[in-house]
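Here is the structure we will look at, set down as structure tokens.
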Amino acid sequence: MTLRLFNTLTGQLDALEPADGKALRMYACGPTVYDYGHIGNFRTFLQIDILRRFLRLTGTPVRHVMNITDVDDKIIRNSAEAGVSIGEYTARYVEAFFEDLEALRIERPEQIARATEHIPQMASLVEKLARAGAAYKAEDGSWYFRLKAFPEYGKLSKKDLSGMEDGARVDVDEYEKDSARDFALWKAAKPGETSWETAIGQGRPGWHIECSAMAMEYLGESFDLHCGGEDLMFPHHENEIAQSETATHKPFARHWMHVRFLLVDGRKMSKSEGNFYTPRDLLLKGYKASAIRLALISVPYRRPFNFTFDSLTDATNAIDRLRTFQARLKAGKFAAGESKEMQEAAAEARIKYDNALGNDLNTAEALAAIFELARAANTAMDQGQFFASDRDAILPVLRDFDAVFDVIEDRDAEPARRAMAWAEQAGRMGDVAPELKAAQSLGDEAIEALVAERTTAKQARNFARADEIRKELAEKGVVLEDSKDGVRWKRK
RNA sequence: GGCGCGGUACCCAAGUGGUAAGGGAGAGGUCUGCAAAACCUUUAUGCGCCGGUUCGAUCCCGGCCCGCGCCUCCA
């Protein structure tokens with residue numbers, strides 16, 4: 001199975017394979033840690049997670065590098081306002097970022113690269129550009145990339161900037177540039193600001209240079225795939241290409257993937273519009289981490305995703321259906337043997353699943369394949385036409401589904417617990433949904449004990465007590481399902 | 001203004017030149033001590049509107065309307 005993935009550079013679906021025949025080398029633009037990540041950020045990281053997980057499922061190892069931008073204008077400004085160093089300021093957001101990744105079950109890239117830890121590499125890249133005549137130093141000590149040095153500029157975003165370079169309005173604070181479109185490689189130190197002493201002077205990196213320098217550091221001058229949100233296509237990625245390819249005379253990344261935006265209620269999410277959400281906000285409202293994950297991955301990455309609270313509820317219910325199905329398979333007692341229909345259904349679902357993801361990561365279609373299989377199997381079980389070998393054929397399909405989607409196995413308790421702990425510490429207990437508080441007040445052991453008591457009561461035909469327990473648990477969000485194979489409980 | 005994307009049932013959403021996946025929700029039913037789950041039936045002669053190409057278009061072409069994104073920091 002070869003993944004065909006849309007390539008922004010070529011404008012078509014291209015096979016995505018490691019150039020060296022071994023691991024796929026990919027670079028993904030990570031967060032700027034000036035605040036908590038929001039669900040828009042995580043939609044991008046989640047879709048990239050789908051990509052890397054699918055690659056691995058199909059037997060392609062990945063070497064995935066992600067940067068953390070821990071120095072930029074906002075960070076400098078905010079940390080100064082807070083009266084702390086930028087390292088101190090970013091530490092909590094870096095930590096929060098990893099917590100959020102874990103909550104959403106986004107796999108850690110093989111390599112995390114922090115901008116502040118790669119300043120020398122950036123400086124030497126600027127030097128290299130300077131030697132090639134593509135970088136120049138302005139009077140204040142800042143360095144700029146000379147756009148005219150890279151005639152192919154615009155090839156990624158398909159922009160033709162040739163006609164509008166000169167004579168264009170120049171911002172007042174950019175008077176030192178030769179041409180309005182030239183972009184900063186290195187910003188000269190300003191009094192009181194964090195800066196580094198390097199071969200190219202005292203200062204701090206421009207935004208784009210970090211990705212070029214770190215990608216080359218860990219993946220080489222030329223690598224397989226570069227990904228990020230659609231907004232990064234221009235100018236960020238365009239600038240990365242310009243500076244990298246000018247420096248190395250090699251293609252930077254062969255393949256470019258861009259995840260489209262998440263909208264909220266049909267509009268761009270922004271703090272000023274009041275439609276801005278972080279994963280933590282949603283967890284505090286009582287939504288499950290798995291529901292957030294599924295909602296954000298259920299619409300294929302090349303379509304905008306319109307986030308609504310309905311979409312989370314839908315995802316919650318869809319996951320519940322799959323979990324119930326898997327539990328039924330695992331707990332059920334099936335006679336030995338197999339049914340031809342089920343064997344075929346399992347095989348077909350697996351093929352459809354593979355083809356869907358292999359075709360530009362069509363998660364919606366992959367999901368459909370699994371639900372179709374679930375219905376067919378449930379029907380067969382209802383009719384007693386389901387056998388032990390059928391279960392053995394289907395469980396691996398679910399396993400492979402979860403290897404990428406990772407929502408069936410219930411790991412929602414920990415993120416919920418952590419979100420509560422965070423709320424307490426951040427003074428946001430007022431935002432915690434009552435249902436979440438209630439659920440958190442009841443541990444698994446307590447639930448098990450009540451379930452056991454109810455079973456005893458039922459055997460004694462004491463239905464009044466049994467119903468009382470059911471009611472008590474329901475009030476704390478725990479739902480019981482009786483079946484001939486025992487009682488199953490779940491948190492709503 | 002330039003570039004790009006989308007408009008499919010109550011909601012979300014996939015998809016194909018040959019007659020509409022899947023999920024959620026609603027209604028009815030089967031099953032059930034209760035409940036839940038599961039299953040069955042049901043909700044688009046219809047895929048924004050108007051033309052065109054075609055034996056045939058939701059899917060191709062043209063025009064129009066509506067919504068959105070990017071072009072500046074941004075996942």
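Lettering follows sequence order; numbering is per chain, from 1. The basis for the numbers below is simple: all heavy atoms, side chains too, and nothing from hydrogens, waters or symmetry mates.
Looking at residues two or more places apart in sequence or on another chain, you find a ring pair (Phe, Tyr, Trp, His ring centres under 6.0 Å) between A:H258 and A:H237. In this view, A:D265 and A:T308 satisfy the side chain to side chain contact (heavy atoms under 4.5 Å, CB included) rule, not counting sequence neighbours. Shown here are the side chain to side chain contact (heavy atoms under 4.5 Å, CB included) partners of A:P415, two or more places apart in sequence or in another chain: A:A103, A:L283, A:A289. Residues forming a ring pair (Phe, Tyr, Trp, His ring centres under 6.0 Å) with A:F305 (at least two apart in sequence, or on another chain): none.
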Which donor-acceptor pairs under 3.5 Å do side chains of residues 380-392 of chain A form with protein atoms, sequence neighbours excluded?
| from | atom 1 | to | atom 2 | distance (Å) |
| --- | --- | --- | --- | --- |
| A:D382 | OD1 | A:R328 | NH1 | 3.4 |
| A:D382 | OD1 | A:R328 | NH2 | 2.6 |
| A:S389 | OG | A:G337 | O | 3.2 |
| A:D390 | OD1 | A:S339 | N | 3.0 |
| A:D390 | OD1 | A:Q343 | NE2 | 2.9 |
| A:D390 | OD2 | A:S339 | N | 3.2 |
| A:D390 | OD2 | A:F387 | N | 2.9 |
| A:R391 | NH1 | A:L329 | O | 3.3 |
| A:R391 | NH1 | A:G332 | O | 3.0 |

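Listed by residue number, the members of residues 291-309 of chain A with any heavy atom below 4.0 angstrom from RNA chain B are A:V299, A:P300, A:R303. In the region residues 323-332 of chain A, proximity to RNA chain B at under 4.0 angstrom, judged on heavy atoms, holds for A:T324, A:R328. Less than 4.0 Å separates RNA chain B from no heavy atom of any residue of residues 386-401 of chain A.
Using a 5.5 Å limit on the distance between ring centres and a 30° limit on the angle between planes, the aromatic ring of A:F42 does not count as stacked on the six-membered base ring of B:A75.
Which of B:A35, B:C11, B:G23 sits closest to the side chain of A:D310 comes down to B:C11. Here B:G33 is the nucleotide among B:A75, B:C74, B:G33 with the atom lying nearest to any side-chain atom of A:A466. Among B:C5, B:A75, B:G23, the nucleotide with an atom closest to any side-chain atom of A:R260 is B:C5.
For A:S311 and A:A376, each mapped to the nucleotide of RNA chain B holding its nearest heavy atom, the one lying further toward the 5' end belongs to A:S311.
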Check the interface with nucleotides 25-31 of chain B: list each N/O to N/O pair with the protein under 3.5 Å, or write none.
| from | atom 1 | to | atom 2 | distance (Å) |
| --- | --- | --- | --- | --- |
| B:A25 | OP1 | A:N317 | ND2 | 3.1 |

Can you tabulate the close N/O pairs, meaning under 3.5 Å, that link protein atoms to atoms of nucleotides 19-21 of chain B?
| from | atom 1 | to | atom 2 | distance (Å) |
| --- | --- | --- | --- | --- |
| B:A21 | O2' | A:E372 | OE2 | 2.5 |

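Side-chain atoms of A:R488 and A:T324 include a donor-acceptor pair closer than 3.5 Å.
Screening A:F145, A:Y144, A:F150 against A:F183 for a ring-ring contact (aromatic ring centres under 6.0 Å, His included) leaves a single residue, A:F145.
The backbone N or O of A:I75 sits less than 3.5 Å from a side-chain atom of A:D72, completing a donor-acceptor pair.
More than 12 heavy atoms of other residues, nucleotides or ligands sit less than 6.0 Å from atom NZ of A:K155.
For RNA chain B, runs of at least 3 consecutive pairs of the Watson-Crick or G-U wobble type, with both hydrogen-bonding distances under 3.5 angstrom, map to B:1-7 with B:65-71, B:10-12 with B:22-24, B:25-30 with B:38-43, B:48-52 with B:60-64.
Using a 4.0 Å heavy-atom cutoff across all strands shown, A:G40 reaches at least one base atom of the nucleic acid. Using a 4.0 Å heavy-atom distance criterion, A:H38 is classed as a base contact.
A salt bridge (charged side-chain N to carboxylate O under 4.0 Å, His left out) check over residues 311-326 of chain A, counting only residues at least two apart or in different chains, returns the pairs A:D320-A:K490, A:D320-A:K492, A:R323-A:D410, A:R323-A:D412.
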